[in-house]
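Let me begin by presenting the structure, written as structure tokens, before commenting on it.
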Amino acid sequence: MKTKRIAFALLRIVPAIILLQTLYFKFSAAPESVFIFETLGLEPYGRTGLGIVELVTAVLLLVPRTTWIGALLGMGIMAGALFSHITTLGVVVQDDGGTLFMLALITFVCCSALAWVERGQIPFFKR
């Protein structure tokens with residue numbers, strides 16, 4: 001039972017940390033972040049807006065009653081990020097070795113697992 005609680009906590013904490021860590025780059029207009037959003041044609045409003053949504057998502061992931069909402073939002077955000085990497089940006093962006101792509105993939109997988117675990121809380125799936 002303790003292992004399940006630790007795993008569940010990690011599924012919530014890991015994507016929240018990843019989302020929160022990337023906020024610095026979005027909100028400070030770091031050159032890498034500006035490059036990405038210019039390439040996507042979303043600079044500066046897309047960068048700032050997405051940063052706000054990611055902040056809200058991270059908080060929702062960490063609050064037990066709203067974890068399912070954060071998980072669904074995280075899946076959507078990361079699906080967009082992964083799609084952008086695959087279709088426009090490439091897996092490696094500005095010689096990052098694929099780090100941003102891998103972080104998006106890890107976050108997507110964690111949020112997907114959380115959504116599955118919390119599916120009983122999602123109104124659409126409640127019986």
Pair listing, salt bridge (charged side-chain N to carboxylate O under 4.0 Å, His left out) test, anchored in [range], at least two apart:
| range | answer |
| --- | --- |
| residues 41-51 | E43-R47 |
| residues 1-17 | none |
| residues 55-77 | none |
| residues 67-81 | none |

Problem - Sequence neighbours excluded, every pair satisfying side-chain hydrogen bond (donor to acceptor under 3.5 Å, both in side chains) that has a member inside residues 79-90 - result: none

Completion exercise
Closest non-hydrogen atoms of T107 and P15, given as atom of the first, atom of the second and distance, are CG2-CB, 3.7 Å

Problem - Which atom of I52 lies closest to which atom of F27, heavy atoms considered - result: N-CZ, 3.7 Å

Practice task
Among Ile, Leu, Val, Met, Phe, Trp and Tyr joined by side-chain contacts under 4.5 Å, find the other residues sharing a cluster with I17 and list them by chain and number.
Solution key: I13, L62

Fill in the blank from the handout: Cluster membership besides Y24, Ile/Leu/Val/Met/Phe/Trp/Tyr side chains within less than 4.5 angstrom, sorted by chain and number, is F25

Handout entry: For T22, side chain to side chain donor-acceptor pair (under 3.5 Å) partners two or more places apart
Key = E54

Practice task
State, yes or no, whether a side-chain contact exists between L114 and C110 at a heavy-atom distance under 4.5 Å.
Solution key: no

Under 3.5 Å, sequence neighbours excluded: what are the donor-acceptor pairs made by side chains of residues 30-40?
| from | atom 1 | to | atom 2 | distance (Å) |
| --- | --- | --- | --- | --- |
| T39 | OG1 | F35 | O | 2.7 |

Distance-only donor-acceptor hits, side chain of residues 69-80, under 3.5 Å, sequence neighbours excluded:
none

Practice task
Consider only side-chain heavy atoms of I, L, V, M, F, W and Y, link residues closer than 4.5 Å, and tell whether I18 and V53 are in one cluster.
Solution key: no

Problem - Single-linkage hydrophobic cluster V59~L19, side-chain heavy atoms < 4.5 angstrom - result: no

Practice task
Could you give me the CA-CA distance, side-chain angles and deciding distance for L50 and K26, then say whether side chain to side chain contact (heavy atoms under 4.5 Å, CB included) is met?
Solution key: CA-CA 8 Å; L50 188 60; K26 286 183 179 72; 4.1 Å; yes

Problem - Nearest-0.5 Å distance, OG1 of residue T66 to CH2 of residue W68 - result: 9.5 Å

Identify all side-chain donor-acceptor contacts of residues 89-103 below 3.5 Å with residues at least two apart in sequence or on another chain.
| from | atom 1 | to | atom 2 | distance (Å) |
| --- | --- | --- | --- | --- |
| D96 | OD1 | V93 | N | 3.0 |
| D96 | OD1 | G98 | N | 2.8 |
| D96 | OD2 | L100 | N | 3.1 |
| T99 | OG1 | D96 | O | 2.7 |

Handout entry: Qualifying residues under side chain to side chain contact (heavy atoms under 4.5 Å, CB included), relative to L55, sequence neighbours excluded
Key = L20, L23

Exercise for the section: Given side chain to side chain contact (heavy atoms under 4.5 Å, CB included), test T67 with L60 step by step and report yes or no. Expected result: CA-CA 5 Å; T67 297; L60 290 170; over 6 Å; no

